[in-house]
Structure formats: structure tokens, C-alpha cells
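For ligands, and for the atoms within them, numbers begin at 1 and follow the listed sequence.
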Amino acid sequence: MEKEADVVIIGGGVAALQLARYLHPQFHVVIMTKSKIRNSNSYKAQGGIAAVVSETDRLDLHVQDTLVAGRYHQSTEEVGGLVREGSEVVKELIKSGLPVDRNETGEVALGLEGAHSRRRIVHCGGDATGRYLIEFLLDRLPPNVEIVENELVFELLLTNDRSRCIGVAAKSVDGSVHRYFGRHIVLATGGAGALYPYTSNHPRMIGDGVAMAYRAGAAVADMEFVQFHPTLLYVDGETKGLISEAVRGAGAILLDSKGRRIMEGVHPQKDLAPRHIVAYEIYKRRAEQQDVFLDISGISHFEEKFPSISQLCREQGVDLKEGKIPVVPGSHFLMGGIVIDSFGRTSVNGLYAIGETASSGVHGANRLASNSLLEGLVFGKRTAEFINHESHVSSIRSVLYDYPLKVKEDEMPNLDSEQLKWNMIENVGVIRDEAGLNRQLNWLPVQLLESLMEQSLERLSIEQIQTIFMFINSFIMTKSALIRKESRGAHIRSDFPNEDLFWKDRRIIHEQTKITWRRESYESHQTGIHA
Ligand code: SIN
């Protein structure tokens with residue numbers, strides 16, 4: 001089956017829906033998702049949207065908080081744009097009826113989260129902001145938008161000279177392959193938390209967009225920066241979901257097995273210190289075989305304030321009356337991804353990336369809490385406005401690039417995705433060092449991955465394709481983590497424990513098999529990225 005559209009969007013989270021909402025109503029827009037439209041990470045978001053909407057807050061303070069959390073590994077200009085436009089976008093959403101939480105006097109109730117110097121987190125339904133926001137955006141999707149569910153996009157279709165992306169190939173559960181051609185192809189596939197066994201992400205979030213863009217030759221950067229959220233619910237040796245930072249914002253404190261405060265004396269913001277610092281402290285206690293708990297006994301009306309978290313705890317047999325929630329850190333957010341410019345353009349013509357799959361320059365080495373829904377909203381809108389002005393792009397069907405070979409299902413070696421996850425947490429987890437990173441690289445079938453670059457994955461099963469994507473992303477992350485010989489933000493190297501000025505602002509960029517580190521990655525535009 002072949003279909004044509006003006007814009008093909010892969011992914012169904014906040015960035016995708018915001019983009020679709022702002023695209024020209026005359027465009028035929030197709031949103032594709034590999035599962036159901038409500039299965040995105042955005043839908044699960046508990047934290048909220050960070051934005052300057054109060055008279056007592058200031059744009060420059062939000063910019064500063066973002067830069068500090070990201071350890072200045074950002075484009076200050078991009079951060080400024082995010083905060084400024086974010087404030088407008090969120091005010092507009094509130095005005096158009098997003099049901100945000102309000103206080104007794106009817107004002108927007110603003111929450112506090114880690115590393116924010118002001119209360120500026122807008123919530124809906126207590127801890128169900130993602131769900132409310134996605135439902136709000138879905139309700140307002142115009143009729144020109146078609147949603148295709150349960151189809152895994154596995155390849156970007158390029159012109160014969162590989163100079164432009166003109167479509168995607170997708171596989172449905174019955175194994176049939178469909179091609180969707182579009183004048184603009186937008187990756188909004190979210191993060192890659194499920195490369196680790198402990199994660200807040202949906203189990204299928206393995207970084208499809210990054211792996212596909214990498215195979216298509218787009219620049220991918222900053223993949224060593226994986227944020228570990230300090231507090232995932234931990235029951236019977238498994239993580240069961242997120243315990244939002246808003247819980248600490250409301251007064252919960254972290255205790256070890258002996259009831260000692262673990263963040264005391266570590267950082268002036270104590271339990272609300274930047275995430276990598278809190279995650280590291282918990283990780284150290286866990287390495288000493290200690291359990292770590294969130295003490296929620298000081299929070300009045302907990303179940304009323306955090307209905308989704310309370311339900312999650314009840315389902316997992318955690319008795320909230322005891323006032324202690326067992327937690328461990330787990331992978332949560334990918335700061336790196338496909339290099340884009342301010343309009344979502346990647347280094348491949350016709351291909352855009354927005355949201356968590358993109359490396360937009362706003363998060364740096366560690367994302368500030370609740371800046372991710374904000375990024376999706378801002379870049380979704382901006383990219384739509386850019387595409388609306390690019391409507392002159394007309395010729396999409398030209399000679400298609402054909403991979404020299406198609407991998408046969410029975411030719412695929414048995415790659416173990418479960419083992420990959422455990423190796424990732426062990427070797428490329430909260431703390432890294434050269435020995436562990438080399439162990440990971442030696443374990444990965446690097447030559448096989450390279451040989452697959454020139455082969456179509458069309459004949460493989462969905463499971464096999466996803467496994468290959470996981471291995472590709474693991475390779476990029478591990479290689480980058482090995483090259484970055486410093487600790488910065490979420491990338492903590494025990495053998496290089498300090499920040500190194502040499503690496504500040506230097507992005508490790510992968511373009512297929514070429515790896516460079518340079519400063520100009522965010523000056524990408526669709527005629528190429530200059531080193
Ligand atoms: C949280 O609620 O702690 C997560 C919010 C975020 O990651 O921004």
C-alpha cells in the first residue's frame with residue numbers, strides 16, 4: 001500500500017499533536033504511531049509544564065535555572081526562545097481551556113520542582129498533566145489530520161542521491177509493509193528510556209527516531225546525556241513507574257534504611273537539587289545495599305494531591321499510611337538525539353525532528369524538570385509555522401533510494417535485547433568509567449551494525465527491527481560516553497569526576513560511521529552541517 005500526504009508525523013506525543021494542531025488546515029497530515037495514540041511518554045507525564053505565567057516569576061530566572069541544570073552545555077539563544085515562547089504558548093493553552101489546577105482564589109496553582117528557583121510548574125489533575133494535555137490536544141485535532149495506529153515506521157525513504165527524505169516505510173502487526181510519502185517528514189518518536197531495565201518510560205520507547213535518522217545519515221548528537229530520574233517506585237526488584245518530583249516539591253524527603261536524610265549537606269537545595277545529583281546519591285546508597293525511601297508523612301492530603309501516584313502505589317501493594325515509598329533511580333529522558341535547528345530541521349532535507357527525539361540545544365547536559373512538555377509545545381508550534389511557509393515544496397516523488405540488500409529474517413543473529421538492557425545499566429548507567437564503557441563496546445556486535453547500514457530491514461520482524469534500533473542506540477550512547485572524558489550534568493564518569501572546559505559546548509556528533517566533536521552542531525540547516 002502507498003499513500004501520499006503533505007506532512008507525515010511519526011509519533012503521537014505532545015510535540016506531534018501540537019505540530020498537527022498548528023499545521024495549515026488544508027494540508028493532509030498523517031500521524032503514525034507504533035502502538036496506540038494514548039501510549040506515549042507524554043501521556044504518562046506526571047510533572048507538569050514549566051512556564052513563566054505568574055507576575056512574580058521572570059523569564060531570565062527560568063533561563064538561568066535551565067542553563068544551570070544543563071551545566072551550560074546549551075545554546076543560550078535556544079534556551080531564551082524556549083522560555084519566552086513557552087510562556088506565551090502555555091498562557092494561550094490556559095486561555096483556550098486547558099483545565100489547569102487552580103488554587104482557592106481561582107489563580108493557576110504553581111508547583112515547585114527540583115532546581116527551579118520559583119514556583120512555575122503548571123499541572124492538570126494533580127499528577128496527570130500529560131493525560132489532560134494530550135486529551136486536550138486530541139480533542140482539538142482538525143479534520144485534516146489522520147491517525148494511523150499500530151504501524152511501526154522502520155525506514156526513512158530517501159531520494160536516489162540520498163539528498164532528501166520523501167517518505168517512510170512502516171510495518172503493521174500482520175507483517176505487511178506500507179509506504180507513506182510526504183513533502184515534510186517529522187520524527188516525534190520520543191525518548192529511549194527502555195534501553196534500560198529501570199525506566200519511567202513506556203516499555204517500547206527505544207529511540208526509533210534516532211536510529212532511523214542515523215541510518216539515513218542525519219547528524220545525531222549528545223547521546224551520552226541520559227537523565228536518570230531519582231525516584232521510580234521500586235517493588236520486588238523492579239521499577240513500577242514514576243514518583244514525580246512534585247512529591248518532593250510538596251515536602252517529601254529522601255531517607256536511607258536507617259532513617260537518615262540522604263540529601264542533607266550534599267547540596268543547598270537538598271531533596272530538590274538537580275536530578276543527576278539526587279540520582280547519584282540514591283545510587284550510592286543502593287550500591288551499599290541500602291534501601292532508599294521517600295518519606296511522605298509531612299504531606300497533608302497526599303492522595304488528593306497525587307491521585308495517579310496513590311493509585312500506582314496501591315496497585316503495587318505500597319501502603320501509603322506508612323508514609324514511605326521505596327524508590328530507585330531509572331532512565332527518564334534523553335537530552336541528546338537528532339540534531340535540529342530552531343525550526344526542527346535536521347541535516348537531511350525534508351526531514352524534521354521535534355520533542356525528545358531531537359537534540360535542540362535547550363536541555364544541555366541535564367534537562368530541567370518539566371521543561372520537556374514545554375519543548376514539545378514550543379517546537380511543535382514553531383515547526384508547524386515553518387512548514388506552513390514552506391508549502392511551495394511540491395515534488396516529493398522522485399527516484400527512490402533502494403538499499404543494495406534486504407536482510408532476510410533467518411540471516412539475523414539472535415541479538416538479546418534483555419541482556420542489552422542489563423548491560424546498559426551496568427556499563428552505561430548512572431555512573432560510567434572507561435572499563436565499563438569498553439566492556440559494553442566489546443559486547444556490542446559493532447561490525448554487524450555497520451554492515452546493516454546499507455541493508456533494508458523490510459524483511460525482518462517488528463521485534464527484530466526494534467532490537468536492531470536498540471543496539472544502534474546503545475552503540476551511539478556508549479561511544480559518546482567513552483569519548484566525553486569529563487563529568488557534566490547527567491553524564492558522570494568516575495574516572496573523570498570533574499567538568500572540563502575543553503568539553504563545555506562540544507557536541508559529540510555521529511553521522512553514520514563518522515564521529516566528530518565540535519561546537520557548531522546547532523547551526524545545522526538543510527543544506528548540511530559544517531564542522
Ligand atoms: C516528574 O514529575 O518528576 C517528571 C517531570 C519531568 O521529568 O519533567
Enquirer: State whether the shortest distance between N or O atoms of Asn371 and N or O atoms of ligand 1 falls below 3.5 angstrom.
Expert: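 No, there is no polar N/O contact under 3.5 Å.
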Enquirer: Between Phe136 and Arg140, is there a cation-pi geometry (under 6.0 Å to ring centre, at most 45° from the normal)?
Expert: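 Positive - Arg140 is close enough to the ring of Phe136 and near enough to its axis.
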Enquirer: Run the numbers for me: atoms of ligand 1, each under 4.0 Å from some heavy atom of His332, listed by number.
Expert: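 Those qualifying, in numeric order: 4 (C), 6 (C), 7 (O).
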Enquirer: Which of the numbered atoms in ligand 1 are under 4.0 angstrom from any heavy atom belonging to Glu245?
Expert: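 With Glu245 as reference, the close atoms of ligand 1 come out as 1 (C), 2 (O), 3 (O).
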Enquirer: So which heavy atom in the protein is nearest atom 4 (C) of ligand 1, and how far is it from that ligand atom?
Expert: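 Protein heavy atom at minimum distance: Arg275 NH2, 3.5 Å.
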Enquirer: Should we say atom CD of Glu77 is surrounded by more than 12 heavy atoms from elsewhere, each under 6.0 Å from it?
Expert: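 Count not over threshold, so no.
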Enquirer: Report yes if some N/O of Gly47 lies less than 3.5 Å from some N/O of ligand 1; otherwise report no.
Expert: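 Yes - when backbone and side-chain N and O of Gly47 are compared with those of ligand 1, one distance drops under 3.5 Å.
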Enquirer: For ligand 1, is any non-hydrogen atom under 4.0 Å from Leu373's backbone (N, CA, C, O), its side chain (CB onward), both, or neither?
Expert: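 Neither part.
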Enquirer: Under 3.5 Å between some N or O of ligand 1 and some N or O of Ser372?
Expert: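 No, since none of the N or O atoms of Ser372 sits under 3.5 Å from an N or O of ligand 1.
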Enquirer: Do Glu224 side-chain atoms and Thr478 backbone N/O form a donor-acceptor pair below 3.5 Å?
Expert: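 Side chain of Glu224 to backbone of Thr478, a donor-acceptor pair under 3.5 Å: no, none is there.
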Enquirer: Assess the residue pair His363 and Asn371 against the criterion (side-chain contact (heavy atoms from CB on, under 4.5 Å)); give the C-alpha distance rounded to whole Å, side-chain angles, the decisive distance to 0.1 Å, and a yes or no.
Expert: CA-CA 8 Å; His363 301 308; Asn371 266 358; 4.2 Å; yes
Enquirer: Test your reading of the structure: does Gln227 have an N or O sitting under 3.5 Å from an N or O of ligand 1?
Expert: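 Looking only at distances, the answer is no, because the N/O contact criterion of under 3.5 Å is not met.
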Enquirer: Write out the residue and atom name of the closest protein heavy atom to atom 2 (O) of ligand 1, then the distance separating them to 0.1 Å.
Expert: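 Sorting protein heavy atoms by distance from atom 2 (O) of ligand 1 puts Ser244 OG, 2.6 Å first.
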Enquirer: Check ligand 1 against Ala369 and write out every atom of the ligand that is under 4.0 Å from a heavy-atom position of the residue.
Expert: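 Listed by number with element: 8 (O).
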Enquirer: Can you list the atoms of ligand 1 that are under 4.0 Å from a heavy atom of Leu242?
Expert: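 Answer for ligand 1: 1 (C), 2 (O), 4 (C).
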Enquirer: Which residue owns the protein heavy atom closest to atom 8 (O) of ligand 1, what's the atom, and how far is it?
Expert: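 Sorting protein heavy atoms by distance from atom 8 (O) of ligand 1 puts Ser370 N, 2.5 Å first.
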Enquirer: Which bit of Lys44 gets closer than 4.0 Å to ligand 1, counting heavy atoms only: side chain, backbone, both or neither?
Expert: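 The answer is neither.
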Enquirer: Before signing off on this row, confirm whether Glu113 and ligand 1 have an N or O atom pair separated by under 3.5 Å.
Expert: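 Glu113 vs ligand 1: no N/O contact under 3.5 Å.
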Enquirer: Please check if the number of heavy atoms outside Asp236 that lie under 6.0 Å from its CG is greater than 12.
Expert: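 Incorrect, the count does not exceed 12.
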Enquirer: Could you tell me if Lys381 sits above the aromatic ring of Tyr22, with its cationic atom closer than 6.0 Å to the ring centre and no more than 45 degrees from the axis?
Expert: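 Judged by the rule (NZ or CZ under 6.0 Å from the ring centre, within 45° of its axis), Lys381 counts as positioned above Tyr22.
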Enquirer: Would a distance-only check, ignoring hydrogens and angles, find a side-chain to backbone donor-acceptor pair under 3.5 Å from Arg345 to Asp341?
Expert: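 No, because the side chain of Arg345 does not come within donor-acceptor range (under 3.5 Å) of the backbone of Asp341.
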Enquirer: Is it the case that Lys284 places NZ or CZ above or below the six-membered ring of Tyr280, under 6.0 angstrom from the centre and within 45 degrees of the axis?
Expert: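 Yes, Lys284 and Tyr280 form such a contact.
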Enquirer: What I want to know is whether His229 and ligand 1 share at least one N or O pair that is separated by under 3.5 angstrom.
Expert: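 Yes; at least one N/O pair falls below 3.5 Å.
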Enquirer: Is any side-chain heavy atom of Ile282 less than 4.5 Å from a side-chain heavy atom of Leu254?
Expert: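 A side-chain contact under 4.5 Å exists here.
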Enquirer: With a 4.0 Å cut-off, would you call Arg382 and Glu78 a salt bridge?
Expert: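 Result for this pair is yes, salt bridge flagged.
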